[in-house]
Engineer: 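Sending over a structure as structure tokens; questions will come in a sec.
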Amino acid sequence: MPVFLAAAVAAPLLVASPAAAAITVGTFLTKAAPLRANPFTALTNPDYPMLKAEADAATRELKADRAARAAAGKPPIACIPEGESLGILDMLSGLDELTPAEKRLPLKDGYARVLAKRFPCG
């Protein structure tokens with residue numbers, strides 16, 4: 001995937017909308033496959049706005065969960081070092097590596113598992 005497309009797809013992962021994250025990991029990956037296969041037309045793919053919204057929602061929900069866990073004195077799910085993030089290509093690769101059962105999870109939960117594997121605590 002060219003760098004410009006990776007940036008265009010990754011940007012939505014930083015800000016999200018909590019109302020839309022009902023898509024499963026498997027469905028997200030299936031719908032993202034044509035965009036990954038032909039990155040030069042990804043932005044014109046009719047599924048792009050939906051995928052962007054779903055990724056945004058999952059990210060926002062995970063940020064809210066992290067804040068709620070901290071407020072409740074619970075440990076975080078992942079310990080992302082200051083200044084680090086997970087790019088879209090790493091996110092997609094991590095989602096690809098999930099088990100078939102994990103791919104049936106909502107995108108937010110699958111993404112949380114990817115983050116926990118990539119940035120484990122302690």
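Hydrogens, waters and symmetry mates play no part in the numbers below; they use all other heavy atoms, side chains included.
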Engineer: Are Val25 and Glu102 close enough that some pair of their side-chain heavy atoms sits under 4.5 Å apart?
Structural biologist: no
Engineer: Looking only at heavy atoms, which two atoms of Cys79 and Pro120 are closest? And how far apart?
Structural biologist: CB-O, 4.0 Å
Engineer: Say whether Phe119 and Val114 are linked into one hydrophobic cluster, either directly or through other cluster members, by side-chain heavy-atom distances under 4.5 angstrom.
Structural biologist: yes
Engineer: Answer yes if Leu105 and Leu92 sit in the same cluster of Ile, Leu, Val, Met, Phe, Trp and Tyr residues linked by side chain heavy atoms under 4.5 Å apart, and no otherwise.
Structural biologist: no
Engineer: Kindly work out whether a path of hydrophobic side-chain contacts (I/L/V/M/F/W/Y, heavy atoms less than 4.5 Å apart) joins Ile80 to Leu86.
Structural biologist: yes
Engineer: Check the surroundings of atom NZ in Lys117: do more than 12 heavy atoms from other residues, nucleotides or ligands lie under 6.0 Å from it?
Structural biologist: yes
Engineer: If we only count heavy atoms from C-beta on, is the Asn45 to Pro34 side-chain gap below 4.5 Å?
Structural biologist: yes
Engineer: Do you know which two heavy atoms are closest between Thr24 and Lys103, and how far apart they sit?
Structural biologist: CB-O, 3.8 Å
Engineer: Tell me the closest heavy-atom pair linking Tyr48 and Leu35, and the distance in Å.
Structural biologist: CD1-CD2, 3.8 Å
Engineer: Does one hydrophobic cluster hold both Leu98 and Leu89, with members joined at side-chain heavy-atom distances below 4.5 Å?
Structural biologist: yes
Engineer: Answer with yes or no whether the hydrophobic clustering places Tyr111 together with Leu29; edges join I, L, V, M, F, W, Y residues whose side-chain heavy atoms lie under 4.5 Å apart.
Structural biologist: yes
Engineer: Is any side-chain heavy atom of Arg66 less than 4.5 Å from a side-chain heavy atom of Leu115?
Structural biologist: no
Engineer: Take Arg36 and Asp96, measure what side chain to side chain contact (heavy atoms under 4.5 Å, CB included) needs, and give me the verdict at the end.
Structural biologist: CA-CA 12 Å; Arg36 293 168 83 180; Asp96 284 335; 2.8 Å; yes
Engineer: Taking all atoms of both residues into account, what is the closest heavy-atom pair of Leu107 and Glu54, and its distance?
Structural biologist: CD2-O, 3.7 Å
Engineer: Side chains of Thr44 and Thr41: do they bring a donor and an acceptor to under 3.5 Å?
Structural biologist: no
Engineer: Calculate, to the nearest 0.5 Å, the distance between atoms CG and CD belonging to Asp109 and Glu61 respectively.
Structural biologist: 8.5 Å
